[in-house]
Number of protein chains: 2
Amino acid sequence: MWLRTSGREERGGPPLSRQRIVDEAVALLDAEGADRLTMRRLAERLGTGSTTLYWHVKTKDDVLDLALDAIFAAVPIPEDERWRAGVTRLIGDWRATLLRHPWSAALLGRPMLGPNVLARSDYLYGTLVAAGVVEPHLTAAAFGLSNFVIGSALMQATWLVNADAETRDAARQHMDHQRDHYPALAAHGPLTVADDWDASFEYGLNWLLDGVEATIATG
Amino acid sequence: MWLRTSGREERGGPPLSRQRIVDEAVALLDAEGADRLTMRRLAERLGTGSTTLYWHVKTKDDVLDLALDAIFAAVPIPEDERWRAGVTRLIGDWRATLLRHPWSAALLGRPMLGPNVLARSDYLYGTLVAAGVVEPHLTAAAFGLSNFVIGSALMQATWLVNADAETRDAARQHMDHQRDHYPALAAHGPLTVADDWDASFEYGLNWLLDGVEATIATG
DNA sequence: CTGGTCACTCGAACAACGATCCGGTGGAGG
DNA sequence: CCTCCACCGGATCGTTGTTCGAGTGACCAG
């Protein structure tokens with residue numbers, strides 16, 4: 001009796017729950033990438049049978065949706081800042097979070113309706129409204145900022161994180177070999193110039209914000 | 001003899017080639033979406049065995065890469081236009097093509113190194129350079145414009161094309177039900193306001209181009 | 001103590017997938 | 001006629017997401 005471990009500890013950790021599944025899924029995605037996430041591997045890390053997961057979660061896609069929303073909990077919602085500083089901080093943290101979990105880039109093509117994402121979108125809309133942005137510029141601003149950060153993170157994750165050095169070298173060589181086909185690209189392209197993703201992101205973001213700000217003055 | 005059909009016609013169409021495989025893949029993707037593309041179904045449409053495809057193509061990912069690049073052939077490269085008009089046209093056609101093939105949104109997370117994509121990127125860089133855009137604004141402009149169009153198409157394809165009406169209604173209902181949690185989103189959000197994706201896209205694009213243009217004057 | 005309910009677990013199995021192996025086939029060239 | 005070789009495809013392997021149905025143990029009414 002005293003020597004018999006409880007079934008709970010045999011399987012490692014607290015009882016299975018949706019939260020534990022999602023947390024472990026994020027850890028697995030961070031460690032091994034999107035294509036290495038399978039229900040069996042996830043269950044193994046949780047110390048359970050793979051089919052057990054389906055009691056807590058309907059499909060694998062649900063796990064991905066939940067994992068994608070979960071990482072946005074790390075994006076703080078700004079407080080007591082002027083609208084432009086707040087938006088800048090939100091979008092910057094948004095991007096940093098996406099880049100910290102590069103697998104998220106591959107999941108951006110699915111509806112993001114989790115509570116964390118919605119709360120941050122709500123802040124974005126609310127801040128723009130409070131700043132005096134009105135339709136049609138309001139929707140354009142919210143869409144533009146979201147789309148810009150999504151596109152930026154997607155492209156950077158594709159190249160700097162997901163693509164191995166082998167792929168990047170092959171790409172460089174490929175373009176160097178066809179230098180006369182793509183003259184401008186070879187002379188000024190991203191693989192030639194030492195590019196600064198952070199600086200480029202800030203330039204683009206400020207151009208967008210300048211445009212939004214200009215609509216406030218003129219109505 | 002005269003009644004015996006040639007083996008070629010029995011299997012339907014001209015001999016198998018990489019080009020035919022890619023064309024049929026695009027047609028299949030257009031008709032049924034990304035997750036319905038399998039090597040077996042693709043082979044069936046081509047009237048061949050599934051394993052035959054692997055003689056012309058190394059992996060399924062190759063098919064996807066080729067299909068993704070193939071659709072960019074429909075994006076004309078502007079000629080004889082002032083830089084801003086040319087860039088506007090290129091980016092607009094870029095977006096239209098992505099939206100005409102909504103499955104492409106899910107593939108944007110992979111390196112785009114096909115000849116069609118590279119040629120259009122080359123035009124973008126070349127036009128910006130000719131317009132007088134210099135570093136660090138050059139990279140920022142090229143990245144910003146690409147990322148913006150990618151993000152816009154990705155988000156719009158996600159919501160207006162890939163998500164069925166059922167999903168959209170559920171989303172609307174979900175947000176309406178939590179109206180107090182997301183006040184700004186409920187009042188001004190994209191599912192409340194009748195949003196105009198095209199107009200929003202143009203606003204964002206012009207804000208970016210205004211920013212780029214301003215860097216030319218000031219150096 | 002008993003019997004039963006209910007949340008939860010999991011081994012076995014299924015259909016479908018990407019990919020490989022290896023034996024064909026048919027036309028071109030010697 | 002034989003040989004070569006680009007091209008084809010049936011059989012098959014390992015893996016995937018998901019379902020089915022049989023369990024297990026805690027808890028509760030009687």
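Chain naming here is simple, since letters A, B, ... match the order of the sequence lines and numbering starts at 1 in each.
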Think [X] has a side-chain N or O under 4.0 angstrom from the OP1 or OP2 of [N]?
{"X": "A:Thr52", "N": "C:dC10", "result": "yes"}
{"X": "A:His56", "N": "C:dT9", "result": "yes"}
{"X": "A:Trp55", "N": "C:dC8", "result": "yes"}
{"X": "A:Thr48", "N": "C:dT9", "result": "no"}

Applying side chain to side chain contact (heavy atoms under 4.5 Å, CB included), can you list everything that pairs with [X], at least two apart in sequence or on another chain?
{"X": "A:Thr88", "result": "A:Arg84, A:Leu205, A:Leu209"}
{"X": "B:Gln19", "result": "B:Ser17, B:Asp23"}
{"X": "A:Ala43", "result": "A:Thr48, A:Ser50, A:Leu53"}
{"X": "B:Asp62", "result": "B:Val57, B:Lys58, B:Thr59"}

Result block: side-chain N/O donor-acceptor pairs under 3.5 angstrom for residues 97-106 of chain B, not counting sequence neighbours:
residue  : atom : partner  : partner atom : Å
B:Thr97  : OG1  : B:Asp93  : O            : 3.1
B:His101 : ND1  : B:Asp30  : OD1          : 2.7
B:His101 : ND1  : B:Asp30  : OD2          : 3.1
B:Trp103 : NE1  : B:Asp30  : OD1          : 2.6
B:Ser104 : OG   : B:Leu98  : O            : 3.3
B:Ser104 : OG   : B:His101 : O            : 2.7

Item to check | Where at least one partner belongs to residues 21-60 of chain A, residue pairs that pass ring pair (Phe, Tyr, Trp, His ring centres under 6.0 Å), sequence neighbours excluded | outcome: none
Item to check | ring pair (Phe, Tyr, Trp, His ring centres under 6.0 Å) partners of residues 141-192 of chain B, not counting sequence neighbours, each pair once | outcome: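 Every pair satisfying ring pair (Phe, Tyr, Trp, His ring centres under 6.0 Å) with a residue in residues 141-192 of chain B: A:Trp197-B:Phe143, B:Phe148-B:Phe201.
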Checklist entry - Side chains of B:Glu135 and B:Thr139: donor-acceptor distance under 3.5 Å anywhere? => result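 There is such a pair (donor and acceptor under 3.5 Å, judged by atom type) between the side chains of B:Glu135 and B:Thr139.
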Distances under 3.5 Å only, N/O to N/O: pair up the protein atoms with those of nucleotides 23-28 of chain C.
none

Item to check | Reading 5' to 3' through nucleotides 17-27 of chain D, protein heavy-atom contacts under 4.0 Å coded B for base, S for sugar-phosphate only, - for none | outcome: BBB--------
Next on the checklist: I'd like to check the side chain to side chain donor-acceptor pair (under 3.5 Å) partners of A:Ser200; sequence neighbours left out, ordered by chain and number.
Outcome noted: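 A:Ser200: no side chain to side chain donor-acceptor pair (under 3.5 Å) contacts found.
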How many whole angstroms separate atom [atom1] of [X] from atom [atom2] of [N]?
{"X": "A:Leu42", "N": "D:dT16", "atom1": "CG", "atom2": "C1'", "result": "14 Å"}
{"X": "A:Leu53", "N": "C:dC10", "atom1": "CG", "atom2": "P", "result": "9 Å"}
{"X": "B:Glu44", "N": "C:dC17", "atom1": "CD", "atom2": "P", "result": "10 Å"}

Next on the checklist: So, taking the atom named CG in B:Leu185 and the one named CZ in A:Arg120, what distance separates them when rounded to the nearest 0.5 Å?
Outcome noted: 12.5 Å
Next on the checklist: Counting only heavy atoms and a strict 4.0 angstrom limit, can you tell me which residues of residues 62-71 of chain B come near DNA chain C?
Outcome noted: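 Hits under 4.0 Å, by residue number: none.
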Item to check | All ring-ring contact (aromatic ring centres under 6.0 Å, His included) counterparts of B:Phe72, not counting sequence neighbours | outcome: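 B:Phe72 satisfies ring-ring contact (aromatic ring centres under 6.0 Å, His included) with B:Trp94 only.
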